[in-house]
Amino acid sequence: MTGLCHRLKEDELYRDYLLILVGSFFGLRISDLLQLRWQNVLDKTEVIITEQKTGKQRKITINAKVAEAVKFIVDKLQKQGRYRPDGYLFANRWGDRITISYVNKRLKYIFSKYHVNVQNPSSHTLRKTFGRRCWEADNKSERALVYLSEIFSHSSISITKKYIGITEQQIADVYLSL
């Protein structure tokens, strides 16, 4: 996704760039992601949200790449006179937040336009990408699956494995690599 984010930024598709970046770094459900406002993330090291689906509070440490992207886009919006601290990160031209159906259509368009091969592209792709990246960053460890299961509020690690797309062959490869 890093290459895609770079290309979106180059093409000045800043909302799309930020959506994919934040979505794949925070691992939130789209309903929670769309609630974020500039004041929640600008110049912050963490964001605390209450998940809509579970009602649980979740603290997310803001990665330096995300903080840099937020600052970059806020600077652009300030120059255009369009920055509002209480505004949504993912707003339409009228300042209302974009809808989940819009996000799904937009992601299908972006993935197609930039030739990103994704099965069933949707807003859920961002959350799954977060999970997959975490698992791979921790050398595909069982520990990462335990953490992800907690982050995603899954009832078991087996659900998390299915969720991030670990297939039977990949599971066999893990055992063979030991």
Side-chain angles (χ1 to χ4, degrees), residues 1-2 4-5 8-9 14-74 77 83-92 95-104 106-107 110-111 118 120-166:
M1 289 286 182
T2 305
L4 175 60
C5 287
L8 290 168
K9 184 178 176 184
Y14 300 128
R15 184 180 57 203
D16 299 331
Y17 159 63
L18 191 63
L19 177 69
I20 291 173
L21 189 71
V22 173
S24 60
F25 272 87
F26 283 13
L28 293 171
R29 288 179 187 87
I30 193 66
S31 58
D32 297 322
L33 195 64
L34 295 179
Q35 295 294 327
L36 293 174
R37 297 176 184 267
W38 295 109
Q39 63 194 9
N40 300 132
V41 295
L42 180 63
D43 298 326
K44 307 277 188 200
T45 57
E46 62 188 27
V47 60
I48 298 173
I49 63 137
T50 301
E51 294 179 328
Q52 287 184 352
K53 183 175 180 178
T54 65
K56 294 180 181 177
Q57 270 204 334
R58 187 157 155 212
K59 181 167 69 170
I60 299 166
T61 302
I62 299 175
N63 180 290
K65 290 178 186 176
V66 173
E68 182 182 314
V70 166
K71 181 73 175 132
F72 172 80
I73 293 171
V74 165
L77 290 173
Y83 173 68
R84 290 182 22 225
D86 64 340
Y88 291 106
L89 258 66
F90 309 108
N92 61 26
D96 298 323
R97 83 190 142 150
I98 58 177
T99 65
I100 294 171
S101 62
Y102 175 82
V103 170
N104 288 330
R106 188 70 185 164
L107 289 174
I110 290 167
F111 293 150
V118 176
N120 304 318
S122 72
S123 57
H124 229 58
T125 303
L126 305 176
R127 187 167 156 92
K128 288 181 178 189
T129 298
F130 165 81
R132 191 75 178 192
R133 289 177 65 237
C134 289
W135 180 62
E136 289 172 353
D138 201 33
N139 296 314
K140 300 180 179 180
S141 72
E142 193 77 11
R143 178 182 65 188
L145 293 172
V146 170
Y147 292 150
L148 287 169
S149 184
E150 178 70 23
I151 289 168
F152 290 149
S153 297
H154 288 163
S155 58
S156 70
I157 292 174
S158 64
I159 291 171
T160 303
K161 287 178 181 177
K162 288 177 189 173
Y163 186 79
I164 64 173
I166 301 175

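When reading the values below, keep in mind they use all heavy atoms of this one structure, side chains included, and skip hydrogens, waters and symmetry mates.
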- Between Thr50 and Gly55, the two heavy atoms sitting closest are CG2-O, 3.5 Å
- Message: Between Phe111 and Thr125, is there a side-chain heavy-atom distance shorter than 4.5 Å?
- Response: yes
- Message: Can you confirm whether Ile60 sits close enough to Glu46 that some side-chain heavy atom of one is under 4.5 Å from a side-chain heavy atom of the other?
- Response: no
- Message: The test is side-chain contact (heavy atoms from CB on, under 4.5 Å); show your working for Val103 and Thr99 and say whether it passes.
- Response: CA-CA 6 Å; Val103 170; Thr99 65; over 6 Å; no
- Please round to the nearest 0.5 Å and tell me the distance separating atom CG of Leu148 and atom SG of Cys134. 5.0 Å
- Message: Quick check on Tyr147: does its OH atom have over 12 non-hydrogen neighbours (other residues, nucleotides or ligands) under 6.0 Å away?
- Response: no
- Basic-acidic side-chain contact under 4.0 Å: Lys56, Glu51: no
- Query: Between CD1 of Ile100 and OG of Ser122, what distance do you get to the nearest 0.5 Å?
  - Reply: 10.5 Å
- Message: I'd like to know if the side chain of Asp32 and the backbone of Gln52 have a donor-acceptor N/O pair within less than 3.5 Å.
- Response: yes
- Query: Which heavy-atom pair separates Ala91 from Ile98 by the least distance, and what is that distance?
  - Reply: C-CG2, 3.8 Å
- Of all heavy-atom pairs between Ile48 and Lys59, which one has the smallest distance, and what is that distance? CG1-CG, 4.0 Å
- Message: For the backbone of Ser141 and the side chain of Asp138, can you confirm whether one donor and one acceptor N or O come within less than 3.5 Å of each other?
- Response: no
- Can you check whether Arg132 reaches Arg127 side chain to side chain, under 4.5 Å on heavy atoms? no
- Task: Ignoring hydrogens and angles, tell me if any N or O in the side chain of Ser149 forms a donor-acceptor pair with the backbone of Leu145 under 3.5 Å.
- Result: no
- Item | Heavy-atom side-chain proximity of Thr61 to Thr45 below 4.5 angstrom | no
- Does some side-chain heavy atom of Thr129 sit less than 4.5 Å from a side-chain heavy atom of Ile164? no
- Which residues share a ring pair (Phe, Tyr, Trp, His ring centres under 6.0 Å) with Tyr163, sequence neighbours left out: His124, Phe152, His154
- Query: Asn104 side chain to Ser123 main-chain N or O, any donor-acceptor pair under 3.5 Å?
  - Reply: yes
- Under the side-chain contact (heavy atoms from CB on, under 4.5 Å) criterion, do Ile166 and Trp135 qualify, and how do the steps go? CA-CA 10 Å; Ile166 301 175; Trp135 180 62; 3.5 Å; yes
- Item | Pairwise distance CG(Leu107) to OH(Tyr102) - rounded to 0.5 angstrom | 9.5 Å
- Is the shortest heavy-atom distance from the side chain of Leu89 to the side chain of Arg97 under 4.5 Å? no
- Message: Can you tell me if Gln39 has over 12 outside heavy atoms packed within less than 6.0 Å of its CD?
- Response: yes
- Message: Do Leu19 and Leu33 make a side-chain contact, defined as non-hydrogen atoms from C-beta onward lying under 4.5 Å apart?
- Response: yes
- Item | Check against side-chain contact (heavy atoms from CB on, under 4.5 Å), Lys128 and Arg133 | CA-CA 9 Å; Lys128 288 181 178 189; Arg133 289 177 65 237; over 6 Å; no
- Work out which heavy atom in Tyr88 is nearest to a heavy atom in Leu34; give both atom names and the distance. CD2-O, 3.5 Å
- Separation of Leu36 CG from Ile49 CD1 (nearest 0.5 Å): 7.0 Å
- Side chain Asn40, main chain Arg37, donor-acceptor under 3.5 Å: yes
- Message: Measuring from atom CZ of Arg29 to atom CD of Gln35, what distance do you get when rounded to the nearest 0.5 angstrom?
- Response: 13.5 Å
- Roughly how far, to the nearest 0.5 Å, is the OG atom of Ser24 from the CZ atom of Phe130? 9.5 Å
- If you look at every heavy atom in Val66 and Leu21, which pair is closest and at what distance? CA-CD2, 4.0 Å
- What pair of heavy atoms forms the shortest contact from Val41 to Phe26, and how long is it? CG1-CE2, 4.4 Å
- Item | Minimum side-chain heavy-atom gap Trp38-Ile73 below 4.5 Å | yes
- Task: Examine Lys9 relative to Phe72 and say whether NZ or CZ is less than 6.0 Å from the centre of the six-membered ring and inside a 45° cone about the ring axis.
- Result: yes
